[in-house]
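In what follows, a single structure is set out as structure tokens and then discussed.
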Amino acid sequence: MAGSTSGARTDHDAAGSQGAHGWTLFAAVLMVFGGAMAIFEGISALAKDDLFVSTRNYAFTLSLTGWGWIHLILGIVILLAGIALFSGAMWARMVGILLAGLGALANFLWLPYYPFWSIVLIAINIFIIWALCAWPQREGRA
């Protein structure tokens, strides 16, 4: 009887690690996609300053060239972290959470320039944080 209990526990642990691995892969794909979108956002801000229209009297102001460089660099780092996240390493999960938070903050500050795009990227970053923090709970039963 003890053998069957340990076998069931092993199956449960394997299923839990597969679930965690699935959410990590989901976050990695979103990070690669979100990083690529941020790179394109940065390139478009650097290439055409007159492409974006800014809201007047917004609390946070920065030149479009400055925002372009911020989004370009942050996008490259998020993309690379997403690629590293495919390994499933714990450090990559922590870096992913940090970078997704920074990406959400940068896109919140980018709202007056391109509101729809910013909201989409904020939502993607929130999903990334959720997916990296979601971890199946272990049952304490024997």
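Just so it is clear, the values below take in all heavy atoms, side chains as well, and ignore hydrogens, waters and symmetry mates.
To the nearest 0.5 Å, atoms CD1 (Ile97) and CG (Leu102) are separated by 12.5 Å. To the nearest 0.5 Å, atoms CG (Leu46) and NE2 (His71) are separated by 10.5 Å. We find the CG-CE distance between Leu132 and Met94 to be 8.0 Å, quoted to the nearest 0.5 Å.
Closest of all the heavy-atom pairs between Ala28 and Gly82 is CB-O, 3.5 Å. Of all heavy-atom pairs spanning Ala134 and Arg93, the tightest one is O-NH2, 3.9 Å. Of all non-hydrogen atoms in Trp67 and Leu109, the two that sit nearest each other are CH2-CB, 3.3 Å. Of all the heavy atoms in Ala36 and Leu79, the pair that sits closest is N-CD1, 4.2 Å. Summarising the geometry of Ile122 relative to Asn107, their closest heavy-atom pair is CG1-CB, 3.7 Å, with the distance given to 0.1 Å. Here the closest heavy-atom approach between residue Ala100 and residue Ile129 is recorded as CB-CG1, 3.6 Å.
A donor-acceptor contact closer than 3.5 angstrom links the side chains of Glu41 and Trp110.
No side-chain heavy atom of Ile128 sits less than 4.5 Å from a side-chain heavy atom of Ile78.
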Please assess Val77 against Val95 for the test side-chain contact (heavy atoms from CB on, under 4.5 Å), listing each intermediate value before the final yes or no. CA-CA 10 Å; Val77 174; Val95 168; over 6 Å; no
Step by step, would you call Met37 with Ile124 a side-chain contact (heavy atoms from CB on, under 4.5 Å)? CA-CA 10 Å; Met37 289 175 59; Ile124 287 173; 4.1 Å; yes
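Taking a 6.0 Å sphere around CZ of Phe40, one finds it holds 12 or fewer heavy atoms contributed by other residues, nucleotides or ligands.
The ring of Trp23 has its center closer than 6.0 angstrom to the ring center of Phe26.
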